[in-house]
Amino acid sequence: MPPTDRRDTPEHRSLRALLSAYAVSQFGNWLFRTGVVYYAYNQNHGSNALLTTAIVLVYLPILFGSRLLAPLADRRDTRRTLIGLDVLRAAVLVVLLAAVGGGAGGGFTSAATIGVMAFLSLLTPFFTASQTAYLRRVLPTERIPSALAGVSKVDWSTFILGTAAAPLMLQVSNLPVLITLDIVSFVVSGLLLVRLAPAPAPAGVPSDGAAGGAGKPRLTASSRWLLASVFALNAGAGVINVYPNVVARDFLGGGATWLSVINLANGTGAVIGATLAARLRGRRGLRPGVLAALAVAVSLACMTLVTTAWVAVLASSAMLLAGQVFAVVFQARILENEPVAVAGRVSGYFTLGTFAGVTVSILLFMGVTGFGSMRSSFTVLLLVAAVSALASAWIGRAASRRYGESSPAANGQVPDADAERESDGLLVRQAGRAFATGVTVASTVASGVPHATTVNSFVTVSLDPPLVLICVAHESHLAALVAEGSPLGITVLAADQRETAVHFARAERPVGEAQFTGHAWQPGQETGAPLLSGGAAWLEGRVQSVVPAGDHAIVLARVLAFTPSDGPVEGPLVFYGGGFHSLGHDASAAPGGLQKAEQ
């Protein structure tokens, strides 16, 4: 399909709508959040205790939301959840605006504003997890890094606008104006989210309704190591949350002007880092993230030169640039390690590790700056932060050596020489190449959305009852859609359908009905699963069980219908030795073909 067509698929339109909605809501968020913190800090004559308290009241709710609310994203329609959260956030701010505009006392206004900010922070991980789960369900695994980088670019672009504008707006307006703008941003965001295409719910989602309940699969050891690295990095880099305010007021004496300059430079550095992250991740595995952690440590050490304005600004910007590379690389790898069905939960753990580290950093700031002068104690804090970032790089490097630079999960079903990473896996792959197989396209339909993928691990299992099986990678989109009772279609490809086999094995193809463009199909009469035209034969069935087996799942299905081609076929498509072949004769199946093959 031409590149211009791929950019206009439902998948791309949904992604654009998601990023547009996020941009609008995040601009309002940054404007409101920065304005509230700066207002409180300035009104209390640069009180560091109040600054850290306000920030902790933002981040502690995020910790609770990451653990308690984020897993709920895996049990709900992600599109409706995102819209509902925007509506809820707007409604809460309307109540706050009524209280502030009603002429309440200053103490009540401050308490109510900080309370609402804490509540919005509680919802933030739920929104982030729902957004991540949506992306994980509709995008191929290989496109996740670029999607996360897109989210990060939006976040930091709006950070530039919101944090730079908030202090200046407070000079010419007031708090109710900021609240009103945030309300408008959530309303517009919700309207944009209506344009999202529904994301099919993945199979295997726990139905007990309890977040973090018993019986949940543990994260892989690789993911746990990476989350430890995320925590360590943010325990150091989290100082950036107080750095602009402290430097602008206590070291440079420029107040709102220097605060806006620092935030503008920091946001620009973060956007550049997010732009680089996806490309680096796709080519070099975890290595860019580990090197980024080292760069963060060096930048934190340079940030001790806070009395030299431009050195301080450039160092903090470089730290955020490297931090975005680290975040995208490590989050993408963690998501790849885990099943699609728990993407929301995994997002919650990543947010938990991030903000637990940030909270530790803020508490260190509160403790260290409580002793001695600000200039000396702040320098000590930055050096401690640099050591923490070095520890993060060491943990990340140890994880990459132990578990590999890239995720071992396969993204497609057809063997690919470029994917050979592990020695044991290489042996199995080489043995498989010595065995000739047919090639099929397995398909299903979930929530009215069809999906298909190339599979050469198709086997007939039993005659009574009639059973067949396929094997699919845990990270494949098909694995997320099939569960007990799911419809399953099998198109046995003919020798002239090599292009079809390659297309449905390609990770970057669109999802949903758009992937069938140029490949005629019709729904099966028994199940509605897509069956491709031109095949040598077709089967329909219902999934009887899904059994985990290493990095793949064995999908066992009961056959409901078998239809051979009623026209001449140039022979079946055969996969052998890493390439496609044909037998070169008419292989049209007889009515008893399945039974004969078993005998």
Side-chain angles (χ1 to χ4, degrees), residues 410-416 428-429 431-445 450-463 465-474 476-479 481-482 486-495 497-498 500-505 519 521 524 526-527 529-565 569 571-583 587-590 592-599:
N411 292 317
Q413 314 307 322
V414 177
D416 179 0
V428 173
R429 191 182 298 279
R433 287 180 171 181
F435 180 69
T437 69
V439 184
T440 70
V441 170
S443 60
T444 190
V445 59
H451 182 75
T453 190
T454 303
V455 172
N456 73 320
S457 54
F458 166 75
V459 180
T460 58
V461 176
S462 168
L463 300 179
L467 299 174
V468 297
L469 69 78
I470 60 172
C471 295
V472 295
H474 287 310
S476 71
H477 199 55
L478 184 66
L481 300 177
V482 293
S486 296
L488 186 69
I490 300 290
T491 300
V492 180
L493 298 184
Q497 292 183 298
R498 297 187 185 197
T500 299
V502 172
H503 171 75
F504 284 99
H519 300 272
W521 65 282
E526 297 290 334
T527 63
L531 301 175
L532 298 176
S533 301
W538 301 268
L539 292 91
E540 290 185 79
R542 289 278 176 188
V543 175
Q544 183 164 300
S545 61
V546 179
V547 181
D551 58 3
H552 278 59
I554 299 172
V555 180
L556 188 67
R558 180 163 186 149
V559 178
L560 301 177
F562 170 69
T563 307
S565 174
V569 178
L573 186 62
V574 176
F575 189 83
Y576 173 75
F580 294 113
H581 305 273
S582 63
L583 298 180
S588 296
L594 181 61
Q595 185 175 5
K596 290 178 181 178
E598 282 299 317
Q599 293 175 342

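Note that these values count all heavy atoms, side chains included, but never hydrogens, waters or copies made by symmetry.
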message: Please give me the minimum heavy-atom distance between Leu573 and Ala494, naming the atom from each residue.
response: CB-O, 3.4 Å
- prompt: Could you state the interatomic distance from NE2 (His503) to OG1 (Thr454), rounded to the nearest 0.5 Å?
  reply: 8.5 Å
query: Going from CG on Leu478 to CD1 on Ile470, what distance comes out if it is rounded to the nearest 0.5 angstrom?
result: 5.5 Å
message: So which atom in Val492 and which in Leu539 form the shortest heavy-atom distance, rounded to 0.1 Å?
response: CG2-CD1, 4.3 Å
- prompt: Taking atom CD1 of Ile490 and atom CG of Leu532, what is their separation to the nearest 0.5 Å?
  reply: 10.5 Å
- prompt: Of all residues at least two apart in sequence or in a different chain, which pass the side-chain contact (heavy atoms from CB on, under 4.5 Å) check with Thr563?
  reply: Trp538
- prompt: Where do Val546 and Pro548 come nearest, in terms of heavy atoms and distance?
  reply: O-CD, 3.8 Å
message: Just verifying a value: how many Å separate Phe575 CZ and Arg498 CZ, rounded to the nearest 0.5 Å?
response: 11.0 Å
message: I'd like to check Leu467 versus Leu556 (side-chain heavy atoms, cut-off strictly below 4.5 Å). Are they in contact?
response: yes
task: Quick one: list whatever passes side-chain contact (heavy atoms from CB on, under 4.5 Å) with Val445, sequence neighbours left out.
output: Pro487
query: For Ala561 and Glu526, which heavy atoms make the closest approach, and how far apart are they?
result: CB-CG, 3.8 Å
- line: Rounding to 0.5 Å, atoms CG (Leu488) and OG1 (Thr444) come to a distance of 6.5 Å
query: Does His451 reach the side chain of Ser443, with side-chain heavy atoms less than 4.5 Å apart?
result: no
query: What residues form a side-chain hydrogen bond (donor to acceptor under 3.5 Å, both in side chains) with Glu540, not counting sequence neighbours?
result: Thr527
message: Using 0.5 Å steps for rounding, measure from the OG1 atom of Thr453 to the CG atom of Leu481.
response: 10.5 Å
- prompt: So which heavy atom on Ala473 is nearest to which on Ala479, and how close?
  reply: O-CB, 3.2 Å
- prompt: Closest approach of Phe562 and Ala537, non-hydrogen atoms and distance?
  reply: CE1-CB, 3.8 Å
- prompt: Knowing that exactly one of Leu493, Thr491, Val439 qualifies, which makes a side-chain contact (heavy atoms from CB on, under 4.5 Å) with Thr500?
  reply: Leu493
